[in-house]
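Here the structure is laid out as structure tokens; the discussion comes afterwards.
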Amino acid sequence: MKNSKKCPKCSSSDIIIVDGYTGAYGSGNNIITGYSIFSGVGIDRYICCSCGFTEEWIAVDQIEKIRKSKKSHT
């Protein structure tokens, strides 16, 4: 949905975006990569308003931060 601007399930283009953020006490749309709220990486959510399908995306420049986190694994 991020790239095509269309829902892959129902083909609707009625898409909204909820930007990722890190709020107080680690709240928000995020992945905490360390032990403080300042280590959060926002997760943007793309939501189809026709069928409710969602996708989550992380900015490419934040992926290395997650990769280096002690909380990630393969």
Shortest non-hydrogen separation from [X] to [Y] and the atoms involved:
X: C49; Y: I16; result: SG-CG2, 3.7 Å
X: T22; Y: V41; result: OG1-N, 4.4 Å
X: K6; Y: M1; result: O-CG, 3.3 Å
X: T33; Y: K65; result: OG1-CE, 3.7 Å
X: R67; Y: S72; result: O-OG, 3.3 Å
X: G34; Y: S39; result: N-OG, 2.9 Å

Find the distance between [atom1] ([X]) and [atom2] ([Y]) and round it off to the nearest 0.5 Å.
X: D44; Y: D19; atom1: CG; atom2: CG; answer: 5.0 Å
X: D14; Y: I47; atom1: CG; atom2: CD1; answer: 11.0 Å
X: I17; Y: Y46; atom1: CD1; atom2: OH; answer: 4.0 Å
X: R45; Y: I15; atom1: CZ; atom2: CD1; answer: 15.5 Å
X: Q62; Y: N30; atom1: CD; atom2: CG; answer: 11.5 Å

Residues K9, C51; criterion side chain to side chain contact (heavy atoms under 4.5 Å, CB included); working and verdict: CA-CA 8 Å; K9 299 294 181 184; C51 74; 4.2 Å; yes
Hey, are the side chains of C10 and F53 touching, using non-hydrogen atoms and a 4.5 Å cut-off? no
Is the NZ atom of K2 crowded by more than 12 outside heavy atoms at less than 6.0 Å?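 Atom NZ in K2 is crowded, with more than 12 foreign heavy atoms closer than 6.0 Å.
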Just by distance, with hydrogens left out, do S50 and S12 show a side-chain donor and acceptor under 3.5 Å apart? yes
Side chain to side chain contact (heavy atoms under 4.5 Å, CB included) between I43 and I31, intermediate numbers included: CA-CA 7 Å; I43 302 171; I31 295 173; 3.4 Å; yes
Is Y21 isolated, or which residues cluster with it under the ILVMFWY side-chain rule of less than 4.5 Å, directly or via members?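 Besides Y21, the cluster holds no residue at all.
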